[in-house]
Number of protein chains: 2
Amino acid sequence: MKISLDQFDKAFENRIRLQIMSVLVANESYDFNSLKELLDLTDGNLASHLKALEKEEYMQVQKSFIGRKPNTRYSVTEKGRAAFKRHLQALENLIKQQKK
Amino acid sequence: MKISLDQFDKAFENRIRLQIMSVLVANESYDFNSLKELLDLTDGNLASHLKALEKEEYMQVQKSFIGRKPNTRYSVTEKGRAAFKRHLQALENLIKQQKK
DNA sequence: GAAAGTACTTTGTTTGTCAAAGTTAATGGA
DNA sequence: TCCATTAACTTTGACAAACAAAGTACTTTC
């Protein structure tokens, strides 16, 4: 009886980081404030989770201006996309085993 | 754009507790030492995660003797089974959204 | 009688999580 | 020109969670 969670990624163990990745894999890029509202987080909390993902090189930042306002957009790296896919695959395997 | 993690259960956020539940949903009951070996944990660590699940009433204990040796078996409650099912459903929804 | 097994609890360190407050730099309004 | 506001953080500090290691109590096996 094996439990197939070898591909489980600690960076995605936290619910908020799981949500962030989920949004960003589906959306290509998302800005700080929209993400903050979507997930209903304080900016400090969001920033720290984004930073954790950046540290793993799963996330990258693009800073620009929209009109005269600064705008920070986040997007997943290829590394992040691959890691997230592996992680979801691990979860899916777990679910499949349960259904047998 | 919704992110469907409303049914996400904090008790299963931790990888080890996810594994414990996974084993026990599939196995009906499992004893302390076998679980310890299967998951390669120290007994203190395993005991504390089991206790966390007991506290949520997701897990129950049966103490007995096998021959003259004490044997502690763990099994999930109906509440635990239902909660785990909901949790996996939430994860599955997340995965499905990713695949679209 | 010593060592080892079972199933913990306790202790103490480290890591994680979070809100709240502080920061920097720019903009818009009175 | 000054004040408030917005954006996007960083810092602080409190609290909770995770973990290994050691301790405990009781029993059995050598």
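Within every chain, numbering begins at 1; the chains are lettered A, B, ... in the order of the sequence lines, protein sequences first and strands thereafter.
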Polar atom pairs (N or O), protein with nucleotides 16-20 of chain C, under 3.5 Å:
residue: C:dT17; atom: OP1; partner: A:N14; partner atom: ND2; Å: 2.8
residue: C:dT17; atom: OP2; partner: A:R17; partner atom: NH1; Å: 3.0
residue: C:dC18; atom: OP2; partner: A:H49; partner atom: NE2; Å: 3.0
residue: C:dA19; atom: OP2; partner: A:T42; partner atom: OG1; Å: 3.0
residue: C:dA19; atom: OP2; partner: A:N45; partner atom: ND2; Å: 3.4

Please tell me whether A:T42 and A:N45 have a donor and an acceptor in their side chains that are separated by less than 3.5 angstrom.
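No, no side-chain donor-acceptor pair sits under 3.5 Å.
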
Check whether the side chains of B:S29 and B:Q62 place a donor and an acceptor atom closer than 3.5 Å, and report yes or no.
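No.
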
Considering the terminal five base pairs at each end of the helix from C:dG1-D:dC30 to C:dA30-D:dT1, what angle separates the two local helix axes, rounded to 10°?
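For the helix from C:dG1-D:dC30 to C:dA30-D:dT1, the axes at opposite ends meet at about 10°.
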
Span of DNA chain D in contact with chain A (heavy atoms, under 4.0 Å):
D:dA7 to D:dT10

Let me check something: any side-chain donor-acceptor pairs from residues 51-60 of chain B under 3.5 Å, sequence neighbours excluded? List them with distances.
residue: B:E57; atom: OE1; partner: B:K79; partner atom: NZ; Å: 3.0
residue: B:Y58; atom: OH; partner: B:D9; partner atom: OD2; Å: 2.8

Determine the interplanar angle of the B:H87 and B:F12 rings, folded into 0 to 90°, and report it as parallel if under 30°, tilted if 30 to 60°, perpendicular if over 60°.
perpendicular

Within this structure, what is the CG-CD1 distance for the pair A:L50 and A:I20, rounded to the nearest 0.5 Å?
4.5 Å

With rounding to the nearest 0.5 Å, note down the distance linking CG in B:D40 to CD in B:Q19.
10.0 Å

What pairs of residues pass the salt bridge (Lys or Arg N to Asp or Glu O under 4.0 Å) test when at least one of them lies in residues 80-91 of chain B, not counting sequence neighbours?
B:E78-B:R81

Taking side-chain contact (heavy atoms from CB on, under 4.5 Å) as the definition, give me every residue that meets it alongside B:N93, ordered by chain and number, with sequence neighbours left out.
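Result, side-chain contact (heavy atoms from CB on, under 4.5 Å) vs B:N93: B:S4, B:Q89.
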
Does A:K63 reach a base, just sugar-phosphate, or nothing at all? Heavy atoms under 4.0 Å.
sugar-phosphate

Report the C-alpha distance between A:I95 and A:Q98 in whole Å, list the side-chain angles of each, state the deciding distance to 0.1 Å, and finish with yes or no for side chain to side chain contact (heavy atoms under 4.5 Å, CB included).
CA-CA 5 Å; A:I95 292 166; A:Q98 291 311 319; 5.6 Å; no

Taking it one step at a time, do A:Q97 and B:S22 satisfy side-chain hydrogen bond (donor to acceptor under 3.5 Å, both in side chains)?
CA-CA 9 Å; A:Q97 274 195 336; B:S22 187; 4.9 Å; no

